[in-house]
Structure formats: structure tokens, C-alpha cells
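The structure appears right after this line, and notes come after that.
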Amino acid sequence: MTAPQHRTPEPMWNAWGTASEADPLPEHLRALLTDALGVPRRDTPSVPRDQVRIRESALPDVARASIQDAVGAEHLHTDEHTRLLHTGGKSTPDLLRRRSGDADEAPDAVVRPGTHEEVELVLRACARHRVAVIAFGGGTSVVGGVSPDRSALPVVVALDLARLDRLLELDTESGTATLQAGLRGPEAERLLRERGFTLGHFPQSFEYASIGGFAATRSSGQASAGYGRFDDMVLDLRVATPRGTIRPGRAPASAAGPDLRQLFLGSEGAFGVVTEVTVRVRPAPAETRHEAWSFPDFATGAAALRQLARTGSLPTVARLSDETETGLNLASSEVGGSAPSGGCLAVTTYEGTAEHVGARHAEVAELLRAAGGTSLGAEPADSWDRGRFHAPYLRDALLDVNTLAETLETATTWSNLDRTYRAVHGALTEALGEQGTPPLVMCHVSHIYPTGASLYFTVACARAADPVAQWQHAKRAAGDAITSVGATITHHHAVGSDHRDWMVEEVGELGLDVLRAVKETVDPEGVLNPGKLLPPK
Ligand SMILES: Cc1cc2nc3c(=O)[nH]c(=O)nc-3n(C[C@H](O)[C@H](O)[C@H](O)COP(=O)(O)OP(=O)(O)OC[C@H]3O[C@@H](n4cnc5c(N)ncnc54)[C@H](O)[C@@H]3O)c2cc1C
């Protein structure tokens with residue numbers, strides 16, 4: 001068993017990441033906000049920590065005693081600071097609430113089990129005492145996945161998996177690794193790289209999100225074209241439930257009935273707590289190469305990506321920004337460099353052996369050129385690569401200067417892509433425009449499949465008096481637009497509480513009954529992450 005050498009730094013309670021990495025918004029971008037979006041120049045900083053309202057812990061003594069028996073008193077925390085750090089995730093509404101001083105939904109306690117068996121004991125204790133349990137990985141959910149919901153059960157504990165941080169096994173012959181659920185992205189990757197392997201899973205939240213969280217949300221990383229989505233990588237899971245343990249996978253492929261792994265991948269802590277994940281790993285790449293491309297417009301670029309996906313000749317990373325996102329990237333000079341103004345920027349990355357990188361690059365470049373692309377060389381793509389994990393800090397800088405910024409995502413078939421793009425773009429523009437805050441709406445494609453692709457929207461506009469309500473109105477309009485055109489309510493952010501009301505459109509009433517039956521079987525007391533994934537009956 002191998003533990004990581006470096007721990008993930010403690011994240012800020014009111015922003016992404018750590019304070020040492022955060023920068024104020026550059027003056028030229030602030031001026032752009034005023035000129036382009038009419039954002040009044042006003043500072044809107046977070047309240048200081050000592051002005052945050054946190055509810056008193058209401059964990060009953062009898063539940064406290066049972067949980068302490070399971071994990072030891074030193075791993076049960078009811079202090080305000082620890083509970084604040086487990087109050088919700090990192091969506092813009094989550095951050096806005098905490099920045100305004102509202103952490104009233106804080107869990108009643110934070111529990112840190114150290115083994116699978118301890119997780120099981122905690123779940124049993126919570127079922128016995130009717131205490132809700134929120135599995136907590138990196139806390140990077142952007143859909144309300146880790147926000148306490150007290151409508152069914154008044155007492156809530158956050159089950160923080162940080163102590164489950166080992167690489168348990170590496171089978172180099174089969175190319176599999178068994179990782180404990182609490183390992184964060186960088187720690188997992190470091191443990192594998194030291195042994196010559198990579199997971200190849202790099203979501204933008206990589207620096208803080210956990211292995212268990214990736215499995216529980218069916219996460220998709222920026223290199224999904226080359227390495228696949230996280231759920232594609234999973235061979236097996238070890239899942240603790242209040243009724244015992246399930247190990248649903250044992251072979252690379254099987255015809256032994258429906259694939260039970262799929263019930264737990266994406267189950268968002270509502271069906272059980274993932275404590276270990278066995279994943280397929282790949283040899284660490286010997287070479288990495290970046291190349292950026294320009295396309296005359298988004299439709300031409302999307303058609304080029306479709307051809308790539310259809311031929312199966314894929315780079316490791318393939319992403320395409322629409323005209324607005326390309327323009328903003330140039331203006332913010334994050335990806336500027338040698339890119340010409342206008343058109344749409346695409347980024348490609350190739351990883352593997354030198355031979356693979358050379359051959360794959362040649363195939364892809366020929367196809368992109370024939371599809372209307374112009375190579376911009378390595379620099380704009382290098383620049384994207386350097387800045388990609390820093391981008392979330394920009395949102396906090398925007399929130400500081402009277403601006404609302406948030407993202408949402410979907411996926412659909414290639415034939416429905418343009419319709420979905422227009423429907424969501426139009427819905428966001430209208431819903432924010434009618435509140436007197438016309439937005440900048442940007443989009444990119446970053447996950448491609450033979451049959452379709454994801455669309456990821458970023459929105460920025462002046463902040464209204466109640467920015468949470470302002471965004472909720474826009475989000476409702478966008479979600480309705482997504483479902484009305486037959487696209488999915490989420491490609492990789494998961495359901496949480498924010499998307500659960502669209503689950504009936506997503507899977508139908510009978511589909512919801514199937515999911516509810518699973519939950520009732522593994523969690524008869526309903527203590528596992530109440531209010532998430534499934535809408536109330
Ligand atoms: C800036 C930013 C960028 C992001 N970029 C991406 C991206 O590129 N791709 C992507 O897929 N997502 C992205 N996300 C969303 C988020 O990071 C993912 O959903 C991630 O997989 C969550 O992992 P986590 O460990 O933080 O989980 P948490 O936020 O802790 O939990 C998420 C959900 O999973 C459940 N859960 C967590 N751990 C377990 C476990 N061990 N067992 C059972 N249930 C568990 C929780 O109860 C909750 O319902 C981004 C988020 C942010 C804030």
C-alpha cells in the first residue's frame with residue numbers, strides 16, 4: 001500500500017483553490033466588462049470569515065457516540081471551521097451564499113473514516129440514528145451534490161474520505177490500479193507516474209477532486225478523446241452501503257446480466273459510498289505535443305471534430321471554442337499568442353510514444369486541414385495547457401467586481417448539436433437580458449464521440465441585487481431549453497440537487513421508479529445523500 005507524499009492544500013471556504021494562487025481581475029478585463037456588458041464599476045468582495053453565520057451542531061449524543069465508536073473521537077469534528085469547509089460545493093450559487101456570510105446549511109459534523117470497514121460502521125450508525133450522510137470527496141461539485149438537504153432528515157454529517165488516500169495495488173501486467181476513493185487527482189497521478197503509468201483523467205477540477213468523486217459523478221476529463229471518460233476506465237468498485245458491501249465488477253468484460261457497476265457510477269453518494277476504485281491505467285506518455293487550429297466558424301470546426309470522431313483518429317485532447325470564447329481568449333491573452341483574430345480556435349494535444357504522437361498528429365492534421373482548418377502552431381495550445389487549471393480562479397476575480405459568472409454543460413448527437421447550441425445560447429441570453437443584465441455567452445466543445453459531442457457554456461454578466469435568484473432564473477431557462485431539444489441535462493457535472501427536477505425528462509417516470517427501487521434496497525432508511533439525484537415523489 002502506498003500513501004501520497006504531498007497532501008492537497010486546504011481550499012478556501014469562499015472561493016476556488018488556495019489564496020496564494022488567486023489574482024485580482026486584470027484592469028483591461030475589468031474595463032472590457034464595463035464597455036462590453038455595462039457592468040457598473042463596483043467592488044463586491046466576500047464578507048470576512050468572522051461574519052459568516054454557521055448553524056450550531058445538532059448531532060445527538062447517542063449518534064455522536066456511535067460514530068465515535070466507529071472512527072475514533074479524533075476523527076469526528078464539530079468545530080465551525082471544519083464544518084464550514086464542508087458546507088456545499090463550488091458552484092457560483094454555493095460561493096455567492098458563503099461569500100454573503102450564509103453558511104447556515106453547514107453539516108452538523110464531519111467524519112473522517114480511515115478504512116472501508118469504518119465507512120460501513122458509520123453508515124450503519126447513521127441508518128440506526130436516522131442521520132443523513134453526504135459522501136464528501138474534493139467538494140468540487142457544481143450541482144449542489146454536497147449541499148446538506150434537511151427536508152427529510154434534520155441532522156446531517158459530511159463523510160469526508162480524505163483519509164482513504166492509498167494506491168492499494170498496481171497490476172502492471174493487466175494495466176490496472178486500485179485506488180482509494182479519497183485520493184485527489186494530483187496525488188493519484190503522482191503515485192501512478194512514479195511507477196510509469198497515468199490515469200489520463202484531467203478534469204478542470206483535477207487539483208482538488210477525488211477518485212471517489214470522479215466515479216460518483218461520471219466525470220469526464222479534458223483528455224477524454226484519448227483516455228475516455230472516467231466511467232469508461234472503471235473495472236471495479238468497492239461500495240459500502242448501510243446494508244453491506246457491493247463489488248460489482250470482476251473482469252474487463254462480462255455477460256453476467258446487467259452491469260451493476262453502472263448503478264454505482266454516477267450514483268452521487270445516494271446508493272452507497274465508494275471506498276475503492278479499480279481503474280484501467282496507461283503507460284505514462286513519453287511525449288506530448290500541442291497544436292492549435294483556426295476554423296472560419298464554429299459549424300466548420302464542429303464538422304471537423306465530427307470527422308475526427310468518426311474516423312477514430314483522435315488526438316488526446318480535442319476542443320473547439322465558438323467565436324465569442326475565441327475572442328475573449330484573445331482579449332484575455334490566455335491563449336493569445338499567434339492566433340489570428342476572428343474565427344474559432346481549436347486545441348489539440350497528442351500523448352504517447354514518439355512514434356504514436358508523430359503518426360497520430362500527421363493523420364489528424366491532414367484531416368483538419370482538409371476540413372477547413374489552418375494550423376496556428378504550438379503556442380496557443382501550449383498557452384491553453386499552461387493556464388487550464390488556473391482558469392477557475394478567474395470566476396472568483398469576476399465575482400469580486402460586480403459580475404456574475406457561471407458555467408453549464410450538455411451533450412447531444414451531431415445532428416442536433418447546432419440546434420442545441422442555439423437553443424441554450426438563446427435561452428441564457430433572453431433570461432439574463434430580461435433581468436436587465438445582458439450576458440456574454442460563450443461555448444466550447446471538449447468531449448467528442450462518434451455519435452455526438454458535449455457543449456460547455458460560460459456566462460458572464462452584471463450582477464443583479466440577488467445574484468443567486470438571477471442565476472437560478474437563467475439556469476431554469478437553459479435546462480428547459482436543453483430538455484426541449486432532446487439533449488441531456490448533464491454531460492459530466494452530474495445531477496445533484498440542481499438537475500434533479502429534470503430527471504423525469506431524462507429517464508422517464510418508470511426509469512425514476514427503477515432508480516428509487518435501487519435506493520430503497522441499499523438504503524432503506526434513506527440516509528444516503530437525501531435530496532440528490534432523485535426528485536421527491
Ligand atoms: C472549477 C471546476 C471545474 C470542473 N471541471 C470539471 C471537468 O472538467 N469535468 C468534470 O467531470 N467535472 C468537473 N467539475 C465538477 C466536479 O469537479 C466533478 O463532479 C468531480 O468529479 C467531483 O469530485 P469531488 O471529489 O470533488 O466530489 P464531491 O464534490 O465531493 O462530490 C460530488 C458528488 O459525488 C458524491 N461522492 C463524492 N465522493 C464519493 C464517494 N467516495 N462515494 C460515493 N459518492 C461520492 C458526493 O456525495 C456528491 O454527490 C468541475 C468543478 C469545478 C468547481
Side-chain angles (χ1 to χ4, degrees), residues 8 11 15-17 85-86 88-92 94-95 107 113 116 119 123 132-149 156 158-162 164-165 179-185 188 201-224 229-231 237-241 264-277 317 319 388-396 405-409 411 444 446-447 454 456 458 490-500 522 528-533:
T8 305
W16 178 253
L85 289 176
H86 294 79
K90 298 286 184 184
S91 70
T92 295
D94 288 340
L95 295 177
H116 174 89
V119 173
L123 295 186
V133 188
I134 302 178
F136 197 101
T140 66
S141 172
V142 283
V143 293
V146 288
S147 300
D149 176 332
V156 180
L159 187 78
D160 184 330
L161 295 148
L164 297 181
D165 62 355
L179 300 160
Q180 284 190 312
L183 272 170
R184 307 300 177 92
H201 187 65
F202 304 106
Q204 197 185 43
S205 53
F206 170 74
E207 291 174 318
Y208 289 88
S210 69
I211 293 294
F214 296 149
T217 59
R218 299 174 75 188
S219 167
S220 193
Q222 292 170 338
S224 64
R229 296 166 60 90
F230 193 80
D231 44 4
L237 301 156
R238 190 174 186 199
V239 188
T241 81
F264 294 95
L265 291 166
S267 63
E268 303 185 34
F271 294 176
V273 176
V274 177
T275 60
E276 294 169 21
V277 187
V317 173
R319 64 192 277 135
R388 63 186 167 139
F389 297 132
H390 198 71
Y393 290 96
L394 181 60
R395 173 179 53 170
D396 301 307
E406 182 56 309
T407 63
L408 57 85
E409 38 78 67
H444 64 248
S446 48
H447 305 276
S454 66
Y456 187 96
T458 304
T490 174
H491 168 264
H492 60 261
H493 279 171
V495 178
S497 52
D498 295 2
H499 291 148
R500 68 173 195 186
V522 292
L528 295 176
N529 212 359
K532 314 299 157 43
L533 184 63

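The model shown is predicted, which means the values in this text are computed figures rather than measured ones. What's counted below: heavy atoms across the whole structure, side chains too, no hydrogens, waters or symmetry copies. Whatever order the structure lists them in is the order used to number ligands and atoms, beginning at 1.
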Closest approach of any protein heavy atom to atom 24 (P) of ligand 1, naming residue and atom: Gly138 N, 3.4 Å
Check: Lys90 N/O within less than 3.5 Å of ligand 1 N/O: no
Test of proximity, Ile134 against ligand 1: N or O pairs below 3.5 Å: no
Atom indices of ligand 1 within 4.0 angstrom of Phe214 heavy atoms, with elements: 21 (O)
Verdict with supporting geometry, Phe230 and Val277, side-chain contact (heavy atoms from CB on, under 4.5 Å): CA-CA 11 Å; Phe230 193 80; Val277 187; 4.2 Å; yes
Leu161, any N or O under 3.5 Å of ligand 1 N or O: no
Heavy atom of Gly221, distance to ligand 1 below 4.0 Å: no
Ligand-side contact atoms (ligand 1) for residue partner Ser210, heavy atom cut-off under 4.0 Å: 24 (P), 25 (O)
Ligand-side contact atoms (ligand 1) for residue partner Gly272, heavy atom cut-off under 4.0 Å: 43 (C)
4.0 Å heavy-atom contact, Ser220 with ligand 1: yes
Euclidean distance, Leu528 CG relative to Glu268 CD, rounded to 0.5 Å: 13.0 Å
Nearest non-hydrogen partners of Ala405 and Thr92, listed with the distance: O-OG1, 2.6 Å
Per-atom contacts of ligand 1 with Pro203, taking only distances under 4.0 Å to non-hydrogen atoms: 6 (C), 7 (C), 8 (O), 9 (N), 10 (C)
Atom indices of ligand 1 within 4.0 angstrom of Pro392 heavy atoms, with elements: 1 (C)
Nearest heavy atoms of Ser219 and His201, plus distance in Å: OG-NE2, 2.9 Å
Which residue and heavy atom of the protein sit nearest atom 3 (C) of ligand 1, plus the separation: Gln204 OE1, 3.5 Å
From CA spacing to verdict: side-chain contact (heavy atoms from CB on, under 4.5 Å), Thr407, Val142: CA-CA 9 Å; Thr407 63; Val142 283; 5.8 Å; no
Atom 22 (C) of ligand 1: nearest protein contact (heavy atom, Å): Thr140 OG1, 3.3 Å
Any donor-acceptor N/O pair, Asp231 side chain to Arg218 backbone, under 3.5 Å: no
Gln204 side chain vs Ala391 backbone, donor-acceptor pair below 3.5 Å: no
From Ala216, Gly496, Pro11 - option closest to atom 36 (N) of ligand 1 by heavy atom: Ala216
Taking atom 31 (O) of ligand 1 as the reference point, the nearest protein heavy atom with its distance: Val146 CG1, 3.5 Å
Ligand 1 to Ala181 polar contact by distance, N or O atoms, under 3.5 Å: no
Minimum-distance pair of heavy atoms, taken over all atoms of Pro148 and Val156: CB-CG1, 4.0 Å
Minimum heavy-atom distance between Lys532 and Ile134, given as atom pair plus value: NZ-CD1, 4.2 Å
Within 45° cone and under 6.0 Å: Arg319 NZ/CZ vs Tyr456 ring: no
Atom 46 (C) of ligand 1: the protein heavy-atom neighbour that sits closest, reported with distance to 0.1 Å: Ala135 O, 3.0 Å
Subset of ligand 1 atoms that lie under 4.0 Å from at least one heavy atom of Trp16: 53 (C)
Between CZ on residue Phe264 and CG on residue Leu237, distance to nearest 0.5 Å: 8.5 Å
Closest approach of any protein heavy atom to atom 48 (C) of ligand 1, naming residue and atom: Gly145 O, 3.5 Å
Positive for side chain to side chain contact (heavy atoms under 4.5 Å, CB included) with Phe271, one of Leu533, Val239, Thr241: Leu533
Region of Val274 that comes within reach of ligand 1 [heavy atoms, distance under 4.0 Å]: both
Pair Thr490-Glu409, side-chain donor/acceptor within less than 3.5 Å: yes
Protein contact to atom 21 (O) of ligand 1 [nearest heavy atom, distance to 0.1 Å]: Thr217 OG1, 2.8 Å
Nearest option to atom 12 (N) of ligand 1, as decided by whichever heavy atom of Lys532, Glu276, His492 sits closest: His492
Heavy atom of Gly139, distance to ligand 1 below 4.0 Å: yes
Which of the ligand 1 atoms, numbered from 1, are nearer than 4.0 Å to a heavy atom of Val142: 51 (C), 52 (C), 53 (C)
Worked check of side-chain contact (heavy atoms from CB on, under 4.5 Å) between Arg395 and Leu95: CA-CA 10 Å; Arg395 173 179 53 170; Leu95 295 177; 3.5 Å; yes
Option with minimal heavy-atom separation from atom 37 (C) of ligand 1, where the choices are Gly269, Gly213, Gly266: Gly213
Numbered atoms of ligand 1 (with element) below 4.0 Å of Asn529, judged on heavy atoms: 47 (O), 49 (O)
Polar atom proximity, Ser141 to ligand 1 (N or O, under 3.5 Å): yes
Under 3.5 Å side-chain donor-acceptor pair for Ser454 and His492: no
Heavy-atom donor-acceptor pair, Asn529 side chain to Ala135 backbone, under 3.5 Å: no
Residue, atom name and distance, where the atom is the protein heavy atom closest to atom 14 (N) of ligand 1: Ser205 OG, 3.6 Å
